[in-house]
Amino acid sequence: MSDCFGKDIPKLGFGLMRLPRKGLSVDVEHVKKMVDMFLEAGFTYFDTAFVYGSSEEVTKKALVDRYPRDSYTLTTKLNAFMKAGNEKNAKAQFYKSLERTGAGYFDFYLLHALMTVNYKLYDKYHIWDFVKEQKEKGLIKHFGFSFHAGPKLLDKLLTLHPEVDFIQLQINYADWENPFISSRANYEVARKHGKSIVVMEPVKGGVLADPMVKVKKLFKDYHPDMSCASWAIRFAASLDGVMTVLSGMSNVEQMADNISYMKDFKPLDGDEQRVIQEAQRIMGRSNTIPCTACHYCVDGCPKKISIPEIFSAANKHVGNGQAKEAVEAYKVATKEGGLASECIACKQCERACPQHLKITDYLKKCVDLLEDKE
């Protein structure tokens with residue numbers, strides 16, 4: 001997409017959040033292979049964040065130290081809500097990100113995960129002005145914010161801050177009409193304000209790469225050789241005004257799959273759009289837990305409950321009828337402790353959740369579904 005950014009931004013972006021691991025650490029050599037494949041295929045957009053564990057340091061080793069600075073575009077984020085606590089610490093994230101990545105400057109920079117419970121912090125800590133100052137210094141080329149709330153707040157923020165260059169939104173076909181995510185409504189607000197859009201969670205944290213059986217059959221019957229993930233990413237990339245679609249790829253196989261259909265991207269045609277609409281109708285009747293496995297809920301959990309992994313286990317039963325597999329997956333998710341039944345309903349997880357899930361209620365359902373079956 002060629003636009004106000006002065007360069008062509010390919011439609012596929014590499015989200016450096018769910019990286020391959022070797023034991024407890026990120027497998028840097030595996031990431032290097034993925035970076036090589038991505039750049040060789042003509043893609044350039046990389047997305048990391050201050051709060052993504054060791055992602056920024058890995059970005060330095062796998063990308064920045066190995067390629068000329070003008071051969072890629074790099075995005076990172078400042079999170080005033082998580083791991084900040086005050087204005088000084090929030091602003092320090094920017095300088096720490098420069099140090100971690102060694103990039104010299106950021107092509108794109110985001111105020112991270114704005115939502116109802118935290119957006120006022122970015123005013124309180126004067127982050128909007130701070131980021132504009134860094135742009136004036138040339139340390140940021142373009143800035144915007146990522147968003148996890150409803151269209152009313154989005155409209156307010158874009159009205160108050162028309163200077164933002166772009167907006168990052170959660171958009172996928174499963175959440176298109178979801179009242180808690182508001183993919184369609186937020187997309188329409190961004191377009192009304194004339195903002196370019198970066199799409200996050202197009203595959204809903206991997207859920208849409210392996211959807212419920214009926215949806216999978218629908219896609220395979222129409223395109224036997226196309227992955228389920230391809231439908232999700234192409235849906236988002238086909239929308240007007242979308243600059244790039246982030247895919248949080250975790251291995252070279254996922255990278256190869258994404259490249260196969262995005263290198264020569266073709267928007268969904270009319271028949272394919274109708275297939276997507278049927279998938280949406282099917283998923284509207286689903287009782288699966290709409291978790292994207294971002295893990296923001298896990299950090300502050302006093303009981304160290306692996307919430308996303310437990311929800312993934314429950315979805316095997318609820319979505320695909322795999323009762324035995326669900327119980328086995330639950331055992332793996334809780335082998336170090338942190339049973340769903342140990343939740344004390346402090347709800348810190350719900351305050352951190354960008355999907356606004358009623359996590360404590362879902363955990364109670366997981367107890368009934370999984371613990372009583374062991």
Side-chain angles (χ1 to χ4, degrees), residues 9 12-39 43-85 88-114 118 122 125 127 130-131 134-135 137-146 166 168 198 200-201 205 244 246-251 255 292-296 298-299 352 354:
I9 306 295
L12 179 66
F14 189 174
L16 296 156
M17 181 181 182
R18 300 176 177 91
L19 295 173
R21 307 191 77 82
K22 181 181 288 185
L24 297 177
S25 302
V26 173
D27 186 343
V28 177
E29 293 306 311
H30 196 139
V31 178
K32 286 180 181 179
K33 293 177 183 177
M34 296 171 70
V35 166
D36 293 345
M37 292 171 66
F38 191 72
L39 288 169
F43 299 105
T44 58
Y45 192 101
F46 294 84
D47 172 275
T48 182
F50 182 83
V51 299
Y52 289 175
S54 61
S55 176
E56 289 184 326
E57 292 94 337
V58 172
T59 299
K60 182 178 190 300
K61 294 175 183 176
L63 173 68
V64 177
D65 289 348
R66 301 173 63 238
Y67 285 93
R69 184 62 184 87
D70 61 356
S71 65
Y72 59 86
T73 55
L74 182 60
T75 302
T76 194
K77 313 175 188 75
L78 185 159
N79 194 308
F81 184 52
M82 299 172 66
K83 301 184 180 180
K88 180 181 178 182
N89 289 345
K91 291 179 177 177
Q93 290 182 18
F94 173 77
Y95 302 110
K96 188 65 175 178
S97 291
L98 281 175
E99 177 187 333
R100 286 175 174 177
T101 63
Y105 65 90
F106 297 113
D107 301 275
F108 301 94
Y109 198 75
L110 290 156
L111 280 59
H112 193 182
L114 272 67
N118 69 16
Y122 291 87
Y125 296 161
I127 301 301
F130 174 73
V131 171
Q134 307 316 310
K135 184 177 179 181
K137 295 176 183 177
L139 296 177
I140 294 170
K141 302 302 181 184
H142 311 285
F143 84 94
F145 60 94
S146 62
F166 68 112
Q168 186 161 305
V198 173
M200 59 181 161
E201 302 290 1
T244 197
L246 299 176
S247 179
M249 295 169 275
S250 301
N251 52 56
M255 176 67 73
T292 64
C294 68
H295 285 82
Y296 291 169
V298 174
D299 255 1

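Numbering starts at 1 and runs along the sequence shown. The structure displayed is predicted, hence computed values, not measured ones.
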Within a strict 4.5 Å, meaning less than it, do heavy atoms of the S71 and T44 side chains meet? no
So, do F43 and I9 sit near enough that their side-chain heavy atoms are less than 4.5 Å apart? no
Between F38 and F14, how do the two ring planes meet: parallel, tilted or perpendicular, split at 30° and 60°? tilted
Could you tell me whether the side chain of T244 and the main chain of V198 form a donor-acceptor pair under 3.5 Å? no
Atom of S54, atom of V26 and distance for their closest heavy-atom approach: OG-CG2, 3.6 Å
Y109 vs L78 side-chain heavy atoms within contact, under 4.5 Å: yes
Atom OH in Y67, atom CG in L39: separation rounded to 0.5 Å? 5.0 Å
Rounded to the nearest 0.5 angstrom, the NZ-CD distance for K22 and E29 is 7.5 Å
Taken to the nearest 0.5 Å, the spacing of L74 CG from E56 CD works out to 8.0 Å
Around atom NZ of K61, are there more than 12 heavy atoms from other residues, nucleotides or ligands closer than 6.0 Å? no
Could you walk me through whether F94 and F106 satisfy the side chain to side chain contact (heavy atoms under 4.5 Å, CB included) test, starting with their C-alpha distance in whole Å, then the side-chain angles of each, then the deciding distance to 0.1 Å, before giving a yes or no? CA-CA 10 Å; F94 173 77; F106 297 113; 3.9 Å; yes
What distance do H295 atom NE2 and Y52 atom OH have between them, rounded to the nearest 0.5 Å? 13.5 Å
Checking side chain to side chain contact (heavy atoms under 4.5 Å, CB included) for the pair F166/L110: CA distance, chi angles, key distance, verdict? CA-CA 9 Å; F166 68 112; L110 290 156; 3.6 Å; yes
How close do N89 and A84 get, counting heavy atoms only, and between which atoms? ND2-O, 3.1 Å
Contacts of T101 meeting side chain to side chain donor-acceptor pair (under 3.5 Å) (sequence neighbours excluded), chain-then-number -> none
Measure from the side-chain N and O atoms of N79 to the backbone N and O of F50, and report whether any donor-acceptor pair falls under 3.5 Å. no
Nearest heavy-atom contact between M17 and C294 is CE-O, 3.2 Å
Test log, rule salt bridge (charged side-chain N to carboxylate O under 4.0 Å, His left out), inputs R18 and E201: CA-CA 12 Å; R18 300 176 177 91; E201 302 290 1; 3.3 Å; yes
Atom CG in D107, atom CG in D70: separation rounded to 0.5 Å? 10.0 Å
Roughly how far, to the nearest 0.5 Å, is CZ of R66 from CG of D36? 4.0 Å
Could you report the tightest heavy-atom contact between G13 and M249, atom names first, then the distance? O-CE, 4.1 Å
Mutual orientation of the aromatic rings belonging to F108 and Y45 [parallel < 30°, tilted 30-60°, perpendicular > 60°]: tilted
Beyond-backbone contact of M82 with Y296, side-chain heavy atoms, under 4.5 angstrom: yes
Of all heavy-atom pairs linking A113 and N118, the shortest is O-ND2, 2.9 Å
Does K96 come within less than 4.0 Å of E99, counting only side-chain N to carboxylate O? yes
State whether the side chain of Y122 and the backbone N or O of A80 hold a donor-acceptor pair below 3.5 Å, judged by distance alone. yes
I want to check something: taking the side chain as every heavy atom from C-beta on, are D27 and R21 in contact at a cut-off of under 4.5 Å? no
Heavy atoms of H112 and A49 approach each other most closely as CE1-CB, 3.9 Å
Before giving the answer on side chain to side chain contact (heavy atoms under 4.5 Å, CB included), spell out for T76 and R100 the whole-Å C-alpha distance, their side-chain angles and the decisive distance to 0.1 Å. CA-CA 11 Å; T76 194; R100 286 175 174 177; over 6 Å; no
For K33, I'd like to know if atom NZ has over 12 heavy atoms of other residues, nucleotides or ligands within 6.0 Å. no
Testing L63, T59, V58 one by one against V35 for a side-chain contact (heavy atoms from CB on, under 4.5 Å), which residue passes? L63
Testing V51, L111, D47 one by one against K77 for a side-chain contact (heavy atoms from CB on, under 4.5 Å), which residue passes? D47
Only counting residues at least two apart or in another chain, list the ones meeting side chain to side chain donor-acceptor pair (under 3.5 Å) with S55. T48
Would a 4.5 Å heavy-atom cut-off, applied to side chains only, mark K141 and T73 as touching? no
